[in-house]
Amino acid sequence: MSDQTGKIIYLNGTSSAGKTSLARELQPLLPEPYLYLGIDLFIYMLPAGYWNADPAGFTLARTERGTEIKVGPVGLKLQTAMLDTISTLARTGHNLIVDDVILNPLDLSARLRMLHGLQFLLVKVFCPFVVAQQRERDRGDRATGFVQFQYPLVEALGRHDFEVNTAEGTPLEGAFKILGRLELGWPDHDDPL
């Protein structure tokens, strides 16, 4: 790994797990500047019509399993651009905190390929299912059902370097847990997770 490449703290978890709150507390504590980049930042770059209206972007599908986000060709292109952006920023020397929702092994593999050769810590951000559902209801800024759909998928991945249960303390306390893990050094990803 080049000394010129940036480091990445990659937060993965369901909607309402607490990733954004954790990132906000973590960013000012880090000894070097870290850019904050999340999937929502990319989605909100699209014109409003591409969120839950035009099937080319991102549409919501309510099922018995919860609320699923269906991704059309414009959405897929945007997801690819997000991975390219993460890679480019890190490979040009920028440190990053990434806020993402990885739901399946194929998407995880795509992220690991993008991260290959970089220093990164893949952090599972979670809380008990009932806590995440209550947070989702309390937010009031988006549809409900994302937690119901996403929770079992994130749980099934099981491939993370570190975990933070956001129900066990404040976001600031979670940020200090990540700092404590980083004090042990960055994980060696030459071997598969």
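Quantities reported herein were computed from a predicted structural model and do not represent experimental measurements. These values consider heavy atoms only, across backbone and side chains, with no hydrogens, waters or symmetry-generated copies.
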Show me, pair by pair, the donor-acceptor contacts under 3.5 angstrom made by side chains of residues 47-64, not counting sequence neighbours?
unit_1	atom_1	unit_2	atom_2	d
Asn52	OD1	Leu60	N	2.9
Asp54	OD1	Ala56	N	2.8
Arg62	NH1	Thr67	OG1	2.5
Arg62	NH1	Thr144	O	2.4
Thr63	OG1	Arg65	N	3.1
Thr63	OG1	Gly66	O	3.2

Tabulate below the donor-acceptor pairs under 3.5 Å that side-chain atoms of residues 74-84 make, not counting sequence neighbours, or state none.
unit_1	atom_1	unit_2	atom_2	d
Thr80	OG1	Leu76	O	3.2

Quiz: residues 96-106 side-chain donor-acceptor pairs under 3.5 angstrom, not counting sequence neighbours:
unit_1	atom_1	unit_2	atom_2	d
Asp99	OD2	Thr20	OG1	2.8
Asp99	OD2	Tyr36	OH	2.7
Asp100	OD2	Tyr10	OH	2.6
Asp100	OD2	Arg111	NE	2.9
Asp100	OD2	Arg111	NH2	3.1
Asn104	OD1	Leu106	N	3.0
Asn104	OD1	Asp107	N	2.7
Asn104	ND2	Asp107	OD2	3.2

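A donor-acceptor contact shorter than 3.5 Å links the side chain of Glu136 to the backbone of Phe146. Gln133 contributes no side-chain N or O that, together with a main-chain N or O of Gln148, makes up a donor-acceptor pair within less than 3.5 Å. Using modelled atom types, one side-chain atom of Asp161 and one backbone atom of Leu122 make a donor-acceptor pair closer than 3.5 Å. Between the side chain of Thr166 and the backbone N or O of Ala17 there is at least one donor-acceptor pair closer than 3.5 Å.
Two residues are said to be in side-chain contact when any heavy atoms from C-beta on lie closer than 4.5 Å; Leu112 and Arg159 meet this criterion. At a threshold of 4.5 Å between non-hydrogen side-chain atoms, the residues Asn165 and Pro128 count as touching. Inter-residue side-chain proximity for Thr5 and Gln119 is flagged as unmet; no heavy-atom pair is nearer than 4.5 Å. For the pair Asn12 and Leu108, the minimum side-chain heavy-atom distance is 4.5 Å or more.
Following chains of ILVMFWY side-chain contacts shorter than 4.5 Å, one cannot reach Leu153 starting from Phe129, and the two form parts of different hydrophobic clusters. Under the 4.5 Å side-chain heavy-atom criterion for Ile, Leu, Val, Met, Phe, Trp and Tyr, Leu182 and Leu115 are members of distinct hydrophobic clusters. Grouping the Ile, Leu, Val, Met, Phe, Trp and Tyr side chains by contacts below 4.5 angstrom, directly or via other members, places Val130 apart from Val154. Criterion: ILVMFWY side-chain heavy atoms under 4.5 Å apart, direct or through other members. Under it, Leu184 and Trp186 are not part of a common hydrophobic cluster. Hydrophobic clustering places Val125 together with Tyr34 (ILVMFWY residues linked when any side-chain heavy atoms are closer than 4.5 Å, directly or through intermediates).
Taking OG of Ser15 as the reference point, atom CG of Asp40 lies at 8.0 Å (rounded to 0.5 Å). Distance check, rounded to the nearest 0.5 Å: CG of Leu121 to NE2 of His160 gives 10.5 Å. Considering CG of Leu118 and OG of Ser87, their distance stands at 6.0 Å, rounded to 0.5 Å. Between the NZ atom of Lys177 and the CD atom of Glu168 there is a distance of 5.0 Å, given to the nearest 0.5 Å. His116 NE2 to His189 NE2: the interatomic distance, rounded to the nearest 0.5 Å, is 11.5 Å. Taking CZ from Arg24 and CG from Leu22, the interatomic distance works out to 11.5 Å, rounded to the nearest 0.5 Å.
Taking all atoms of both residues into account, the shortest heavy-atom contact from Arg135 to Gly18 is NH1-N, 3.9 Å.
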